[in-house]
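Note that the structure is predicted; figures quoted are calculated from it, not measured. Letters A, B, ... mirror the listed sequences (proteins, then strands); counts begin at 1.
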Protein chains: 2
Amino acid sequence: MFISKTSEHALRILTYMALNYETQLSARNLFEELQIPKRYLMRLLTDLSKSGFIKAARGRNGGYVFARSLDTIYFSEIIDSVEGLLTFEGCVLGSTVCPVDKPCAMHQIWEKPKQTFLETLKSTTLADLRNGKNIRLKYSIKQIHH
Amino acid sequence: MFISKTSEHALRILTYMALNYETQLSARNLFEELQIPKRYLMRLLTDLSKSGFIKAARGRNGGYVFARSLDTIYFSEIIDSVEGLLTFEGCVLGSTVCPVDKPCAMHQIWEKPKQTFLETLKSTTLADLRNGKNIRLKYSIKQIHH
DNA sequence: ATTAAATAATACCTGTAAGTATTAATTTAT
DNA sequence: ATAAATTAATACTTACAGGTATTATTTAAT
């Protein structure tokens, strides 16, 4: 399971936009590229606008561009805004809170993968997608034609 | 999110049973200890029986004990039987398959936490809970009274 | 001014995971 | 034999994430 479908959509939208940072992209552009259900995609874009990641230009020739610098947008913040990070930070697999003096049976086992996961989210920004710190861009960047 | 509620229940059931390996436990015992909704718990126990992790003794003084040796039961197998492991093994956050020659934008970023998670699941058995390899038992074992 | 092309708001629908209810079957103590 | 205590099977209900539909608003090209 890992993360919700909606978070996945949000990440796909923003990572694609990050790789085409210079270009204003419309919902239609993003739909054609990402194949996320159109109306749902549109709603998510509005949500991402309200969350302040991107900003919308309305009307004819409208579309979306980033509202903030890419190097300030951590993956953790994106997921946090969509589904919250709390369920990832808790113990025994999400929901249960696990008291420090009486850890649950899986506490130790869970600790390492959980930390690796969270640390990656909290230390990686959308800018890292572009500067190749974590990723090769070679096959991923694609030119947008209007 | 990480894993489904049902997987979480299953893991809590089996880890608790593992820590009380010697004792046959009834649905009632487990309900009192784990506070999983009673009827749902009972159905999950039947499911876990059918999956071959535990075996049921029916009728008065019935209950459940393990059907297999603890050191053969990997966490990966438990989750696999409840919700499947495929969504954890795929790329971009679960569902999307990511071609090797054209990896998605998050491919590299995701690789490490995903591997840590899966390797832990695939290398840890219920027996490890008891022998202290990964966990201190001190606070977790609890005597069952009939 | 009008129309076309875009986003925004709001309400609604749907499929599925999670949980509940009912009845049947099994076993053992008495 | 009967009753009590358990698991098994099956069907139903509920909540919510995910997805649709409709209408309003905004902008710019003509």
Across nucleotides 22-30 of chain C, 5' to 3', mark each nucleotide with B, S or - according to how protein heavy atoms within less than 4.0 Å reach it. B--BBBBS-
Rounded to whole angstrom units, what separation is found between the CD1 atom of I3(A) and the P atom of dA17(D)? 15 Å
Length of the line joining Q35(A):CD and dG19(D):P, which is rounded to integer Å: 14 Å
Give the rounded distance in Å between these two atoms: CD1 of I13(A) and P of dT7(C). 12 Å
Does the side chain of S7(A) pick up a donor-acceptor pair with the side chain of S4(A) at under 3.5 Å? yes
Salt bridge (charged side-chain N to carboxylate O under 4.0 Å, His left out) partners for E119(B), two or more places apart: none
Please report the distance, rounded to the nearest Å, between OH in Y64(A) and C1' in dT27(D). 14 Å
In residues 40-50 of chain B, what residues come within less than 4.0 Å of DNA chain D, judged by heavy atoms? M42(B), R43(B), T46(B), K50(B)
Please answer whether the main-chain N or O of P113(B) pairs with a side-chain N or O of T116(A) as donor and acceptor at a distance below 3.5 Å. no
Among dG19(C), dA8(D), dT6(D), which nucleotide sits nearest the side chain of H9(B)? dG19(C)
For the pair made of CE in M1(A) and P in dG18(D), what is the distance, rounded to whole Å? 9 Å
Check: F117(B) ring centre within less than 6.0 Å of F117(A) ring centre: no
Gap between atoms NZ and P, on K5(B) and dG19(C) respectively (whole Å): 6 Å
Side chain of P37(A) only, heavy atoms from C-beta on: which candidate in dT6(D), dG19(D), dA8(C) is closest? dG19(D)
Within a reach of under 6.0 Å around CZ of R28(B), are more than 12 heavy atoms found that belong to other residues, nucleotides or ligands? no
K38(A) atom NZ is separated from dA21(D) atom C1', nearest whole Å, by 14 Å
Between the side chain of Q35(B) and the main-chain N/O of E32(B), is any donor-acceptor distance below 3.5 Å? yes
Testing I78(B), T124(B), I54(B) for side-chain contact (heavy atoms from CB on, under 4.5 Å) with I73(B), which one passes? I78(B)
Check for me whether the distance between the ring centres of F2(B) and F2(A) falls short of 6.0 Å. yes
Whole Å only: how far is the CZ atom of F31(A) from the P atom of dG19(D)? 13 Å
T6(B) side-chain N/O to dA17(C) phosphate OP1/OP2 under 4.0 Å: no
Are L129(B) and F66(B) connected, step by step, through hydrophobic side chains (Ile, Leu, Val, Met, Phe, Trp, Tyr) whose heavy atoms are closer than 4.5 Å? yes
